[in-house]
Amino acid sequence: MNKQYDLHAHSTASDGTLTPAGLMQRAARAGVGAMALTDHDTLAGLAEAREAANQAGIGFIPGVEVSVTWEKSTVHIVGLGVDANSQALQNGLAGLREYRIWRAQEIARRLVASGVDERIYDRAKALSNGYLISRTHFARALVGLGQAKSVRDVFKKFLVGGKPGHLAGEWTTLQNAVSWINTAGGQAVIAHPARYRLRRARLQQLIREFIAAGGSAIEVVSGSHSRDDYFTMAQHAREFGLLASAGTDYHGPENPNLELGRLPDLPPGCQPIWHDWAKP
Ligand code: AMP
Ligand code: MN
Ligand code: MN
Ligand code: MN
C-alpha cells in the first residue's frame with residue numbers, strides 16, 4: 001500500500017465535493033505523506049489547499065488536470081508542481097473555462113430539448129460553487145431532479161456519446177497543455193490512460209506525441225484503473241522511458257470504494273515521478 005504520495009484529486013474548485021482545505025485535512029487523517037490537488041482546468045483551490053496542508057503537516061503538490069482534445073478523443077493531462085502564478089498556464093486555463101460556460105449552456109439546451117426539466121441549468125450551476133461547471137454537476141443535478149438513480153446511471157443515460165446531453169469536446173491541444181504545464185515549471189502526466197479505451201497502437205501514438213511535446217509521465221496506478229491496467233501501463237512507461245505516477249482521482253467521500261492515499265505500490269521496474277523530489 002502506497003500512502004506516501006497521492007497525485008490526483010479534486011475539490012469544490014472543480015467537481016469534487018470537499019473544499020480544498022477539507023481535502024487536505026482528510027488526506028492527513030488518512031496518513032498521506034504528500035497530497036496533490038489537481039482540479040479540472042483551474043488553479044483556484046491551490047492557495048487554500050497549500051495553507052491547509054501546511055497546517056496539517058503533510059506535503060503539498062500544486063497541480064491541475066487539463067482537458068485536451070486529441071484526435072477527437074478527450075484526454076486529460078495532469079500537471080504536477082505547477083506555479084499558480086504562471087501567466088501562460090493561467091491564460092490557457094481561462095480559455096478552457098470560457099469554453100465550459102458555452103458548453104454548459106449547450107448541454108442544458110440539448111437536455112431540455114430531449115424533455116429534461118427546464119431547471120436543469122440553474123440546478124447544475126448552483127451545485128458548481130461558481131468556479132466552473134462540469135458534466136459531474138449536471139449528473140448530480142439530474143439525480144436531484146429524479147431523472148436517474150445515480151451519477152453513474154446519469155452518465156450512461158444522458159452524458160456519453162449518442163445520448164441527448166452529449167457533445168464532442170473542443171478542448172485545447174495536447175501540445176498546448178504540455179507546454180503550459182512545462183512553462184509553469186511543472187511535470188506533465190497522462191491521466192488515467194486506460195480510461196480512454198484507445199487501441200494499443202493509438203495509445204502508443206498518443207504517448208509518442210506526448211513525449212515529443214515535452215511530457216514526463218503516465219499514471220500507472222489510478223483509482224480508475226484495474227489491476228491489469230497497472231501492469232499494461234507500467235509496460236508502456238518502461239518501453240517509452242516515461243516516469244510513473246499514482247493517484248486516486250478522488251472526488252469526495254460519496255464514493256465509498258476510494259480513499260485518499262489508498263493505492264497499491266507501483267509495479268516493479270517503474271521509475272516513480274517523485275524519485276528526484278525533495279522528501280515531503
Ligand atoms: P467534464 O470535464 O465536464 O467533461 O466532466 C468530466 C468528469 O465527469 C470526470 O472528471 C469525472 O469526474 C466525471 N465522469 C466522467 N465519466 C463518468 C462516468 N461514467 N461516471 C461518473 N463520473 C464520470
Ligand atoms: Mn472529475
Ligand atoms: Mn480525468
Ligand atoms: Mn481527475
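As a basis for the values below, the full set of heavy atoms in this structure was taken, side chains included, without hydrogen atoms, waters or symmetry mates. In this chain, numbering begins with 1 at the start of the sequence shown. Each ligand, and each atom within it, is numbered from 1 in the order the structure gives.
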The atom name of the N, O or S atom in Asp15 nearest to the Mn ion (ligand 2) is OD2

Applying a strict 4.0 Å limit to heavy atoms, is Arg103 in contact with ligand 1? yes

Quick look: Glu65 vs ligand 1, heavy-atom contacts under 4.0 Å, and the answer is neither

Note: ligand 1 atoms sitting under 4.0 Å from heavy atoms of His40 are 10 (O)

Atom 6 (C) of ligand 1: closest protein heavy atom, distance to 0.1 Å, is Arg135 NH2, 3.8 Å

Ligand 1 atoms nearer than 4.0 angstrom to some heavy atom of Ser134 are 3 (O)

Given a cut-off of 2.8 Å, the protein N, O or S atoms lying below it from the Mn ion (ligand 4) are His8 NE2, His10 NE2, Glu65 OE1, Asp249 OD1

Can a salt bridge be assigned to the pair Arg103 and Glu170 using a cut-off of 4.0 Å between side-chain N and carboxylate O?
no

Rounded to the nearest 0.5 angstrom, the OG1-CZ distance for Thr74 and Arg195 is 10.5 Å

Report task. Look at ligand 1 and say whether Arg100 reaches it with a heavy atom at a distance under 4.0 Å. Result -> yes

Closest non-hydrogen contact found for Val220 with Ala237 is CG2-CB, 4.3 Å

Smallest heavy-atom separation, Val221 atom then Asp265 atom, equals CG2-O, 4.1 Å

among protein heavy atoms, the one nearest atom 18 (C) of ligand 1 is Phe155 CG, 3.5 Å

- Task: Using the six-membered ring wherever Trp is involved, compare the ring planes of His251 and His40 and label them parallel, tilted or perpendicular (cut-offs 30° and 60°).
- Result: tilted

query: Going by atom types alone, do Asn129 and His137 pair a side-chain donor with an acceptor below 3.5 Å?
result: no

query = Among side-chain atoms of His225 and Glu219, is any donor-acceptor pair under 3.5 angstrom?
reply = no

A student checking ligand 1 against Asp15 at a 4.0 Å heavy-atom cut-off should list atoms 7 (C), 10 (O), 12 (O)

Practice problem: Report yes or no: do Trp70 and Glu209 form a side-chain donor-acceptor pair below 3.5 Å? | Solution: yes

Q. Does any non-hydrogen side-chain atom of Arg262 lie less than 4.5 Å from one of Tyr250?
A. no

The atoms of ligand 1 lying under 4.0 Å from a heavy atom of Thr136, numbered in the order shown, are 7 (C), 8 (O), 12 (O), 13 (C)

By salt bridge (charged side-chain N to carboxylate O under 4.0 Å, His left out), Arg110 pairs with (sequence neighbours left out) Glu106

